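This structure is a prediction, so every number in the text was calculated from the model and none was measured. Reckoned from all heavy atoms, side chains included, excluding hydrogens, waters and symmetry mates. Proteins get letters first, then strands, A, B, ... in listed order; numbering begins at 1 in each.
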Amino acid sequence: MSDPVIKVEQVHKWFGTHQALDGVDLSVNTGERIVVCGPSGSGKSTLVRCMNGLETVESGRITVNQIDLAGGTTAVEQVRKSVGMVFQQFNLFPHLTVEENLCLAPVRGLGLSEIEAKERAEKYLKRVHIPEQATKFPLQLSGGQQQRVAIARALCMEPKIMLFDEPTSALDPEMIKEVLDVIAELAADGMTMVCVTHEMGLARAMADRIVFLDEGQIVEEASPLEFFDSPKSDRTKQFLSRIL
Amino acid sequence: MVIVVVLVSWVIGNTFDNLSTRGIASGFSFLQSTAGFGISTSLIEFSEASSIGRAFWVGLLNTLLVSAISVALATILGFAFGVARFSGNWLLARLAAVYVETLRNIPLLLQIFFWYFAVLRSLPSPRQSFDLMGLFFLNNRGFYVPALEIFDGGGWLLSVLIALLITAFWQRQQKLISRSCSGMAVLLLVLVFANAGISVPVLRSFNFIGGAVLSPELVALVIALSTYTAAFIAEIVRAGIQSVPRGQIEAANALSLSNKDRMRFVVIPQALRVIVPLLTNQYLNLTKNSSLAAAIAFPDLVSVFAGTVLNITGQAIEIIGITMAVYLTISLAIAMAMNAFNRTTAMRGLSP
């Protein structure tokens, strides 16, 4: 097996006196699709946010593409260029049109010309099935459309890895499917993904591996089949019985 | 209602009675009479033989000049200090904080006196001027700067250049992320210089000739107004930046935008929603505060018109009335312009 593309080693993270991550080890291989789940406050969002340096860790080591995230600003910026992120609250830039949202980082960060960036934006808007919304502003779109724009915005950087932090939790129920479909399509195309979600349907359908977190520790790591049908730990059984 | 009408008509009748018993003329004919006094700083031709009406325009233009320069400088300084308060550099952030707390807590009039009496009037004479690159000279007679002299045919080119710059700026506002190309402007600038020359101040015996001179009063007033207002603007900019949701900054970080790009393309444009309405207040305050010019005898509207002219003619009602109306007009014009800017730029993307 090749070297893992993301390697998390013995990571500890505190928010004040609250310990969010307590000795987490995790490696993600190229093309692998990981779903991270667990009760709220278990540290799953924190874990994903550590993977592109949005949070710093107190101890332990995280490397992405063999770059250590503790290596200062340039290392973090380099990692972020190859890691796309999708947030629960979309976080689109409301003062920019959809197209400008998609072009900003490729033009400023990757040095693409405006024409190249627009072509790329068009390509990825088609991929998330909303090419006709390019000239609109984010607030003119529905939640589901906004989240798909956010996915397209991350894809415009042509990342090697995509991180999803509860991408459907802020959506109305009837809009969840359109976003999940897009994520599932990405997974089918072989994108390396780490996804925090409560959507067990998504986990079952696309995950290669499910990581179950509780109180900052990885309680169980298993394939979807094992995880849903024969969970080992009691904590997992309890969690599954409550949500399924 | 009846009481109000009776009261107003009594006040008006009483005023006219008193004016006629004291032999004070009323009406606006005084505007045509000869001024009989000189004005130190003037943007237009003015001599003792000019009319009082012209003195009014001199004062008004000086007020507008001081306000325009100070607004521009205060905005630049204010944004610089406001952003500096978020700097990772501890010293820079602290300096910005100290600047704000000092400048905004000392009365403006005192600051004007400080810059005028303690700094500019205490500068050395022209022979010992502070010399910046042989182009700018600072001494107790003022600030000598190179001036653009336009020959025949240069005038319209200059106007084209200005128009072009405004359009370029507008387009940049409309297309936020484009890299602007100002090649055309540079080309036109060259053309302007082909038809124009730059006059550099040169020391001759006791004073400078050539170039242009900004009087110590003007310089002191501009420095005091702009640095004072900048302290308030810095606080407004800080509040604006803090109002931008955390998620926006995280999204910009996740897209690996540099700190500078994140500030310029994500944070500041959204901070403007908070900043612009408050900035309007500061611009209005600055313009109105420019009337403190009278304290150091800079010939602004209040000093010339509501001061000198009022003393000569004694027609207080007309003169104060006109002066108030002028400030009201300027303020409303600024407010309208800022509201238009707010609608088109700051609120971009918010109204469906």
Side-chain angles (χ1 to χ4, degrees), chain A residues 48-49 51-55 73-115 117-118 121 136-141 150 153-157 159 162-163 165 170, chain B residues 86-89 168 170-183 237 240-277 341-352:
Chain A
V48 169
R49 289 161 58 85
M51 290 176 182
N52 68 348
L54 283 184
E55 305 286 355
T73 325
T74 41
V76 173
E77 259 176 37
Q78 220 181 333
V79 165
R80 283 170 179 168
K81 280 191 177 133
S82 62
V83 179
M85 179 147 195
V86 176
F87 298 87
Q88 185 178 353
Q89 300 294 342
F90 332 135
N91 294 347
L92 293 173
F93 306 131
H95 61 298
L96 300 179
T97 62
V98 166
E99 192 177 52
E100 288 166 337
N101 262 283
L102 268 57
C103 291
L104 178 61
V107 169
R108 305 297 311 183
L110 302 182
L112 260 62
S113 78
E114 240 170 278
I115 298 161
K118 275 185 184 172
K136 289 203 181 153
F137 285 101
L139 296 185
Q140 294 169 316
L141 306 179
R153 179 174 71 175
L155 289 176
C156 275
M157 296 293 283
M162 285 286 282
L163 306 176
D165 186 5
Chain B
F86 293 95
S87 168
N89 184 331
W170 186 251
Q171 278 177 347
R172 261 186 72 129
Q173 290 294 323
Q174 296 300 307
K175 276 182 68 196
L176 213 57
I177 65 167
S178 72
R179 282 173 287 194
S180 72
C181 172
S182 43
V237 169
I241 289 173
Q242 277 172 342
S243 76
V244 177
R246 234 197 114 54
Q248 292 290 310
I249 291 152
E250 285 179 353
N253 284 342
L255 288 166
S256 86
L257 286 181
S258 68
N259 284 350
K260 201 170 120 254
D261 284 348
R262 185 185 67 210
M263 211 50 160
R264 178 167 154 208
F265 294 106
V266 177
V267 178
I268 296 282
Q270 296 187 63
L272 282 181
R273 288 166 188 177
V274 170
I275 292 172
V276 170
F341 176 75
N342 198 29
R343 265 197 313 280
T344 55
T345 307
M347 300 304 279
R348 194 172 186 259
L350 272 200
S351 46

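With a 4.5 angstrom heavy-atom cutoff, A:Val79 does not touch chain B via any of its atoms. Contact annotation for A:Leu110: neither backbone nor side-chain heavy atoms come within less than 4.5 Å of a heavy atom of chain B. In this structure, chain A has heavy atoms under 4.5 Å from both the backbone and the side chain of B:Asn253.
With hydrogens and angles disregarded, a donor-acceptor distance shorter than 3.5 Å links the side chain of A:Asn91 to the backbone of B:Gly247.
Rounding to the nearest 0.5 angstrom, the gap separating the CZ atom in A:Arg80 from the CG atom in B:Leu257 is 10.0 Å. To the nearest 0.5 Å, atom CG of residue B:Leu255 and atom CD of residue A:Glu77 are 12.0 Å apart. With values rounded to the nearest 0.5 angstrom, B:Arg348 atom CZ is found 4.5 Å from A:Glu100 atom CD. Going from atom CG of A:Asn52 over to atom OG of B:Ser256 covers 10.0 Å, rounded to the nearest 0.5 Å. Taking CD of B:Gln270 as the reference point, atom CG of A:Leu96 lies at 8.0 Å (rounded to 0.5 Å). Rounding to the nearest 0.5 Å places CZ of A:Arg49 at 4.0 Å from CD of B:Glu250.
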### Query
Passes side-chain contact (heavy atoms from CB on, under 4.5 Å), A:His95 versus B:Arg273? Steps please.
CA-CA 10 Å; A:His95 61 298; B:Arg273 288 166 188 177; 3.4 Å; yes
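Two residues are said to be in side-chain contact when any heavy atoms from C-beta on lie closer than 4.5 Å; B:Asp261 and A:Leu104 fail this criterion. When side chains are defined from C-beta on, A:Pro94 counts as touching B:Gln248, because their heavy atoms get closer than 4.5 Å.
For the residue pair B:Ala254 and A:Phe87, the shortest heavy atom distance occurs at CB-CZ, 4.0 Å.
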